[in-house]
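Since the structure comes first, as structure tokens, the remarks are kept for the end.
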Amino acid sequence: MKIPLLTLPGAVPAEGVDEGVAAHYGDLFREQRALADGAGFVDLSHRGVVAVTGEDRLAWLHLLLTQHVSDLPAGQATEALILSANGHIEHALYLVDDGETVWAHVEPGTQDALIAYLESMKFFYKVEVADRTADVAVVHLPAGSIAEVPEGVVVRETPYGRDLFLPRDGLEAYAAQAGPPAGILAYEALRVEQHRPRLGFETDHRTIPHELGWIGSAVHLQKGCYRGQETVARVQNLGKPPRRLVFLHLDGSEVHLPVAGTEVRLADEGPDGRKVGFITTSARHHELGPVALALVKRNVALDAPLVAGDTAAAQEVVVEP
């Protein structure tokens, strides 16, 4: 799919799952500061867009998602997960209903599998599911932005900013008047600062919602059955998750950031100490310096000094043990 904003001045293409949009436009910290100040926009047009229409759309999605959406008011943003039968996270959806259609954006490349699952669960419900990625692009405006939103564009407003479901053929015109562009690296650095997990980054094949702090924001504990609910209820009521998400302040004297998957160990046990977790996302923040999110074993002491690879790390609690 052609991503036109890579032609903007200074655009450096992102790699990996974020391929197709800009990693940055020449000045990572300037772009971060602009977003933190409520200026500019982020091109998220590589993300998948799924639309659900039909009179049963909310009642039907309520049966499948971890979130309570049967009475979701038009214009109110929410997020939800789809779990496996064992309670492991398979999909993350960022939703808003405009009164006629539920719009969701999802991780790049995951929309086909999501739609296949949704289609398999339609049964007799009056719903239609469509992949709208080819004609609708997601653009993010940071919290505090005063940028105008074109008439008729669906908006998903959250404490972190607004996600616009913009007609793809209007992307270049909108970028020309929306302020300075910021790349995905700036957006990700602020996401790490905000302790917000991301599917495929903070998750692996066995992640459950409790480990990442998704209980409440994406998982409603007072709703009816959905696939994987038994695991959610059992862990919530009878036990604790085996791992927990932490925020790490990394030693700023190191030249290289520890990449995703880097082993995290207890600093007191030395370089041959046992692995207690791993880095999920690392970033260079414009104020905090090098930071990261990591998954560590639940029983790691809250004040224990850690080491990520060869980099000293001090932890900040995200999910209580």
Side-chain angles (χ1 to χ4, degrees), residues 1 3-6 8 10-14 16-25 27-51 75-79 92-96 98 103-111 132-133 135-150 152-168 170-202 217-218 281 283 285-286:
M1 183 183 301
I3 307 291
L5 300 194
L6 282 176
L8 292 178
V12 175
V17 71
D18 289 320
E19 182 180 3
V21 296
H24 61 84
Y25 294 90
D27 191 335
L28 173 61
F29 291 152
R30 177 188 59 77
E31 294 165 30
Q32 282 187 43
R33 286 191 291 269
L35 292 179
D37 290 339
F41 70 95
V42 183
D43 176 15
L44 298 179
S45 59
H46 63 320
R47 290 183 66 81
V49 176
V50 176
Q76 180 175 308
T78 192
E79 56 188 73
L93 297 80
Y94 299 86
L95 305 161
V96 67
D98 67 4
W103 295 90
H105 65 80
V106 299
E107 286 298 323
T110 65
Q111 63 268 24
R132 298 294 301 275
T133 311
D135 62 300
V136 176
V138 180
V139 171
H140 175 77
L141 301 178
S145 171
I146 59 173
E148 292 187 10
V149 176
V153 167
V154 176
V155 178
R156 182 179 175 274
E157 187 158 0
T158 77
Y160 308 106
R162 289 175 287 169
D163 298 334
L164 277 54
F165 291 85
L166 194 73
R168 191 170 287 274
L171 190 56
E172 289 179 277
Y174 186 74
Q177 57 89 37
I184 195 72
L185 291 181
Y187 179 84
E188 284 288 282
L190 298 186
R191 178 182 71 81
V192 171
E193 177 197 12
Q194 295 155 355
H195 306 167
R196 291 189 291 135
R198 182 178 174 187
L199 183 78
F201 286 64
E202 279 60 59
S217 63
T281 306
H285 191 273
H286 69 285

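All heavy atoms count here, side chains included; hydrogens, waters and symmetry mates do not.
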Worksheet entry | Qualifying residues under side-chain contact (heavy atoms from CB on, under 4.5 Å), relative to Glu148, sequence neighbours excluded | none

Worksheet entry | Spacing of Asp18 atom CG and Leu185 atom CG [to the nearest 0.5 Å] | 8.5 Å

Fill in: Reported CG-to-CD distance for the pair Leu164 and Glu157, which is rounded to 0.5 angstrom
10.0 Å

Discussion item. Restricting to side-chain contact (heavy atoms from CB on, under 4.5 Å), what partner residues turn up for Ala34, sequence neighbours left out?
Written reply: Ala39

Worksheet item: Which residues satisfy the side chain to side chain donor-acceptor pair (under 3.5 Å) test with Gln177, sequence neighbours excluded?
Response: none

Item to complete: Give a yes or no on whether the backbone of Ser145 and the side-chain of Arg162 come within a donor-acceptor separation of less than 3.5 Å.
Response: yes

Worksheet entry | Qualifying residues under side-chain contact (heavy atoms from CB on, under 4.5 Å), relative to Phe29, sequence neighbours excluded | Asp27, Gln32, Arg33, Arg284, His286

Worksheet item: Which residues satisfy the ring-ring contact (aromatic ring centres under 6.0 Å, His included) test with His105, sequence neighbours excluded?
Response: Tyr94, Phe165

Response to the item:
With sequence neighbours left out, the residues meeting side chain to side chain donor-acceptor pair (under 3.5 Å) with His24 are none

Worksheet item: Of all residues at least two apart in sequence or in a different chain, which pass the side chain to side chain donor-acceptor pair (under 3.5 Å) check with Arg156?
Response: Asp163

Worksheet item: So how far is it from Tyr25 OH to Leu5 CG, rounded to the nearest 0.5 Å?
Response: 5.5 Å

Discussion item. Counting C-beta onward and ignoring hydrogens, is there a side-chain heavy-atom pair between Phe201 and Val17 closer than 4.5 Å?
Written reply: yes

Worksheet item: Is there any salt bridge (charged side-chain N to carboxylate O under 4.0 Å, His left out) pair reaching into residues 184-194, and which pairs are they, with sequence neighbours excluded?
Response: Glu188-Arg191, Glu188-Arg198, Arg191-Glu202

Worksheet entry | Approximate separation, where rounding is to 0.5 Å, of Leu35 CG and Leu190 CG | 5.5 Å

Response to the item:
Output for pair (Gln111 CD, Leu93 CG), nearest 0.5 Å, gives 11.0 Å

Worksheet item: With Tyr187, which residues qualify under ring-ring contact (aromatic ring centres under 6.0 Å, His included), at least two apart?
Response: His140

Worksheet item: Hey, are the side chains of Arg168 and Thr133 touching, using non-hydrogen atoms and a 4.5 Å cut-off?
Response: yes

Worksheet item: Mind checking what makes side-chain contact (heavy atoms from CB on, under 4.5 Å) contact with Thr110, not counting sequence neighbours?
Response: His91, Val106, Glu107

Worksheet item: Rounded to the nearest 0.5 Å, how far does CD1 of Ile184 lie from CG of Leu44?
Response: 5.0 Å

